[in-house]
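It should be emphasised that the depicted structure is a prediction, and the values quoted were computed from it without experimental measurement. Letters A, B, ... mirror the listed sequences (proteins, then strands); counts begin at 1.
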Number of protein chains: 2
Amino acid sequence: MSKKIHKRDAEASKALIISSAIQLFSQKGYASASMDELAKLCGLNKAMVFYYFKNKKGLYEAVMAQVLEEIQQTIIEENKKYTKPIEELESFIHTYAQFACSHPYLPALLLKELSDSGAVVPEMLFSSMRQLFALFSDILKRGESKGCFGASKPMVFYFMILGTLNLIVTTKPLRIEASRKEDISLDTCAKCDIDEIADYLMKNIKKMLKENK
Amino acid sequence: MSKKIHKRDAEASKALIISSAIQLFSQKGYASASMDELAKLCGLNKAMVFYYFKNKKGLYEAVMAQVLEEIQQTIIEENKKYTKPIEELESFIHTYAQFACSHPYLPALLLKELSDSGAVVPEMLFSSMRQLFALFSDILKRGESKGCFGASKPMVFYFMILGTLNLIVTTKPLRIEASRKEDISLDTCAKCDIDEIADYLMKNIKKMLKENK
DNA sequence: CTCCTAATTAACTGGTTAGTTAATTATAGA
DNA sequence: TCTATAATTAACTAACCAGTTAATTAGGAG
């Protein structure tokens, strides 16, 4: 009875604003995204944005919170399916790769935010990245103590994975264009799909984590 | 005789504008950098910016051209000192790491630009990244044909190196802050210097490039 | 000393932006 | 049906922004 078809539905309006904002912020960045354009994009009055989110920064924080929460939950859920460190690691890489590819706003937002050291939402970015990193670090450390992996600097491996996958996703248009007008001798992996890249990355990270005899 | 002390020196003014713009663009990004603020920053009249660089985009292009040219030349010069692929690879990684650390605007500008797929200066970014990648790819391919390295996807390795080093540099403030208020169990490499990271990266990339028997 | 030109300036413009406000409309509950 | 309140709107504002313009200044060549 509470879920009739409303012409006025606060939750629906909020959700519509956020989903439109995700699109706009990831395409244009925080500064270039205009609230007038956002209102046009979601077909609501601009004042609604300020009514629900107070100001532009508030909306951006809600956007980042949702995006970071989503990837975090997805990775945590996937991680639960495995127990062996090597499988958990593979799950981490593949899940992030899949998510980044099907939600390309994530790498765009993340790289923009990280390149400013979290200029707009430092605390939230910080806590979210910390939690993901803690999960990742834990996988490596457990693998190490079980003898599956050699000693490693988890922070470097974390950035290696996120850096590579984020760049692969965000530069895809650039690399496809390159493959059209470039000589064939330079392979930009334009045709590689994300699972192929993730497999390749996993294979190489396994090599790095092999115990040195 | 041509290099007296001028009160009006076009070249000096241009250079001052560019160096201030590098600082401003890398801190704020293209959209948030204001030309009024730039003028204040370098102590010149705002109209000078438009006099020398036509418009904001023209200035940004000059900035990116200078920054990309600088890193490219530095890497090419360093590369000339070596002949063995493994030394060239080490030189590539260390030179990029050193440069990125002492010119932290490079990672900031590069990540911002790449996360937009080169929204502001696509052709220039494209050609510059292509040349650096060609050099890198060539090192791996020569190593492969000489038998020092196993087969590899250079594009993925390229992003692995640039992605890791750029993130290490841009997140440094964030990681230092983290190490102060976090539990010690989670190592964010806050104290690592860039050469240590570059060494570690090189060591692991060597493992990945070892021929599979 | 005298021009000519390049460098520099203050003041301005038109457009855009985030954010506000006060009035209006729909809805749920009594 | 009435009413309190939550959702929605159009119209507004003040600040800011990239870019222009026309006037001014300094320096070098002759």
Rounded off to whole Å, could you give me the [atom1]-to-[atom2] distance for the [X] and [N] pair?
X	N	atom1	atom2	answer
B:Met35	C:dC12	CE	P	22 Å
A:Ile17	C:dA18	CD1	C1'	15 Å
A:Arg8	D:dT9	CZ	C1'	9 Å

- Note on the structure: The side-chain contact (heavy atoms from CB on, under 4.5 Å) partners of A:Ile86 (sequence neighbours excluded) come to A:Lys84, A:Phe149, A:Met202, A:Lys206
- Task: May I ask you to list the residues of residues 37-57 of chain B, by number, that have any heavy atom positioned under 4.0 Å from an atom of DNA chain C?
- Result: B:Asn45, B:Ala47, B:Met48, B:Tyr51, B:Tyr52
Identify whether the distance between the nearest side-chain nitrogen and carboxylate oxygen of [X] and [Y] falls below 4.0 Å.
X	Y	result
B:Asp116	B:Lys112	no
A:Lys81	A:Glu87	no
B:Glu77	B:Lys80	yes

Using distance only, find each side-chain donor-acceptor pair of residues 37-53 of chain B under 3.5 Å and give its atom names and separation, not counting sequence neighbours.
from, atom 1, to, atom 2, distance (Å)
B:Glu37, OE1, B:Lys28, NZ, 3.3
B:Glu37, OE2, B:Lys28, NZ, 3.2
B:Asn45, OD1, B:Ala47, N, 2.9

- Task: Pick base, sugar-phosphate or nothing for B:Ala33, based on heavy-atom distances below 4.0 Å to the nucleic acid.
- Result: sugar-phosphate
- What distance do B:Ile76 atom CD1 and B:Gln131 atom CD have between them, rounded to the nearest 0.5 Å? 6.5 Å
- Query: What nucleotide, of D:dC17, C:dT8, C:dA26, holds the atom closest to the side chain of B:Asp36?
  - Reply: D:dC17
- Query: Does a side-chain N or O from A:Ser13 land closer than 4.0 Å to OP1 or OP2 of D:dA7, or not?
  - Reply: no
